[in-house]
Amino acid sequence: MEERNKLIQRRIEKLEEFKKQGMKIYRNDFLPDAFSGDLHSAYDDKDGESLVKDNVCVKIAGRVMAYRSFGKAGFMKVKDFTGQIQVYAEKNSLSEEDFKLYKKLDVGDIIGVEGCLFKTKTGELTIKANKIVLLTKSLRPLPEKWHGLQDKELRYRQRYVDLIVNDEVKETMVKRSKIINAIREFMIKNRFVEVETPMMHKLVGGATAKPFVTHHNALDIDLYLRIAPELYLKRLVVGGMERVFEINRNFRNEGMDLKHNPEFTMMEFYVAYKNYLFLLDFTEELFEYVINSIGLDKTNIQFGDNTIDFSRPWKRLDFFEGLKDVGGLDDDVIKDKEKALKLALELGKSVNKDMSLEKILAELFDALVEPKLINPTFVIGYPVAISPLARRDNDNPNITERFELFISGMEVSNGFSELNDPFDQKERFLKQLEDRKKGDEEASMYDADYIRALEYGLPPTAGEGIGIDRVVMLLTNHDSIRDVILFPLMKDRDDEE
RNA sequence: GGGUCGUUAGCUCAGUCGGUAGAGCAGUAGCCUUUUAAGCUAUUGGCCGCAGGUUCGAUUCCUGCACGACCCA
């Protein structure tokens, strides 16, 4: 593509011309003293006459987003991280060199402008330039000014261009930052300590998923990118850090779709001397705090075609009740593996007769119940067979003290009272090891050090993981996880220059 | 993994019932000192995703591949 693109070539030529004329290029000595957004909030309401009388003169810097030139004058829109402001350039107010430069500017160039504020005929706040400097020449043309960048593939691959022309992207990412900030605030207010545990694990554990494998050369050992921080966080509770949380990336070597990216952000937290019932209330409070802090109305949050009401208390739905009342299943289907299997197959689920009844019911739940859970709903009473890490219910040994939170049909969090019996944990590890030997790549490995930690004693503890990307999707009304991740994973294309 | 659709100028998109392509914006050359997608005149720009097949001839039809979007698993 070296010389093929004339648009780029033309801009390089302009840069060469500037250099020849002795102009400094890629200079960094222009120091702005104002931001466009601040100027708008300070002076938009002021009338033009008194604005000129006050003689407000500023230095701003930013990218040229619009360029309208006529003969001996013209307008530009200059954009910085706070917004855009119009700049008026006329021959009489600029030095000859600066006006020449102005006439050669392209949309996309990064410039510094020194000038004084006034209002145009139409009342728009504008800077009348008395000095213009080129800070960075943009060599590539920006997308079309009206439609912007529409191609989703290009938007994800060249997010920098997407950010320049589609303001909505930056707004979403700023909101993401505010959401995470609010979560952090809430946790700290509740006396949790933020920690960072290893991202590179010697053993796979803490969830059911295939890991990414990497290699440490000096030690000559394989390491796994973590699929969950769970086992390390619980070690900290053993050590007396009774309230800990971590907001960080997990990595799972799985397919990608609207709701899955191989690396994704989770908040996991653990609190000693509480059980899963505490987590239900705590989660409601957490969401209320976050929603308030970003200025949304908790009773009316738009997500796609759904309007979601986050008012407390949220619905609590027993797993089996859900299958009956929401899924419309008869008792005999729930108790009869043959019938459940037949129905699951009819629904196109990939199930087989080697699966347990509970596993098949989970598939039915996924197909028939989850899509109907629009307002926040805690599903509780999960069977032991599909909850390998959760503590058994004190009254009913067949179910666990576990819940999952669904909003708009999407699993947002998963939590439970932790298993702190080292004997039971050891057995479950051994069972996983067997599965792994049989070829189950998602089974965990035997973590002897974790067993040792449990033998020192893990207090009764409740723990939960919240999918941050999905929370951001819900609160920014995006149905694709790629729209809330700045650089989603994309396959390589070999036609890149 | 399966299905459907898409890939044409820097960008947004037309189009060719098979005869080597168009518009708008951007660019270039002019005119223009208050514009708001500025306007007016002229004009440059294409391996029509890649590879094969059918055909006198393929950007168009067929097959495969790559990448992407959506649906399903």
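Distance check on atom C1': B:C11 versus B:U54 gives 36 Å, rounded to whole Å. B:C50 and B:A58 have their C1' atoms separated by 15 Å, with the value rounded to a whole Å. Taking atom P on both nucleotides, B:G64 is separated from B:C5 by 13 Å, rounded to a whole Å. B:G53 and B:U59 have their P atoms separated by 13 Å, given to the nearest Å. A distance of about 42 Å separates the P atoms of B:C70 and B:A29, rounded to the whole Å. Remark: the separation of the C1' atoms in B:G52 and B:G46 is 23 Å, to the nearest Å. Distance noted for atom C1' between B:G18 and B:U55: 9 Å (whole Å).
Distances shown here put every side-chain N or O of A:Lys6 at or beyond 4.0 Å from the OP1 or OP2 atom of B:G10. At the phosphate of B:U28, OP1 or OP2 sits under 4.0 Å from a side-chain N or O atom of A:Arg10. Within the structure, every side-chain polar atom (N or O) of A:Arg68 is placed at least 4.0 Å from both OP1 and OP2 of B:U35.
In the interface, the side chain of A:Lys77 is paired with the base of B:U36 through a donor and an acceptor atom under 3.5 Å apart.
Under the stacking criterion of a centre-to-centre distance below 5.5 angstrom and an interplanar angle below 30°, A:Phe70 is not stacked against the six-membered ring of B:C32.
Closest contact between the side chain of A:Lys152 and the listed nucleotides B:U35, B:A26, B:A69 involves B:A69. The listed nucleotides are B:A26, B:G68, B:U36; the one nearest the side chain of A:Thr120 is B:U36.
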Test salt bridge (Lys or Arg N to Asp or Glu O under 4.0 Å) applied to A:Lys170 and A:Asp167, step by step: CA-CA 6 Å; A:Lys170 192 173 73 189; A:Asp167 286 338; 5.4 Å; no

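At a threshold of 4.0 angstrom between heavy atoms, the contacts of A:Lys491 are confined to the sugar-phosphate backbone, with no base atom among them. Within 4.0 Å of A:Ser350, counting heavy atoms only, lie sugar-phosphate atoms of the nucleic acid but no base atom. A:Arg482 comes within contact range of the sugar-phosphate backbone alone, with a heavy-atom separation under 4.0 Å but no base atom that close. Contact annotation for A:Lys128: no contact, since no heavy-atom pair falls under 4.0 Å across all strands.
By the neighbour-count criterion of 12 heavy atoms within 6.0 Å, atom CG of A:Asp305 is sparsely surrounded, having that number or fewer from other residues, nucleotides or ligands.
To the nearest 0.5 Å, the span separating OG on A:Ser177 from CD1 on A:Ile294 amounts to 11.5 Å. Taking CZ of A:Arg27 as the reference point, atom CE of A:Met23 lies at 8.5 Å (rounded to 0.5 Å).
Base orientation at B:U20 is syn, since its O4'-C1' glycosidic dihedral falls within 90° of 0.
Shown here, B:G30 forms a base pair with B:C40; the pair counts as Watson-Crick or G-U wobble because both key distances fall under 3.5 Å.
A donor-acceptor contact closer than 3.5 angstrom links the side chains of A:Glu144 and A:His147.
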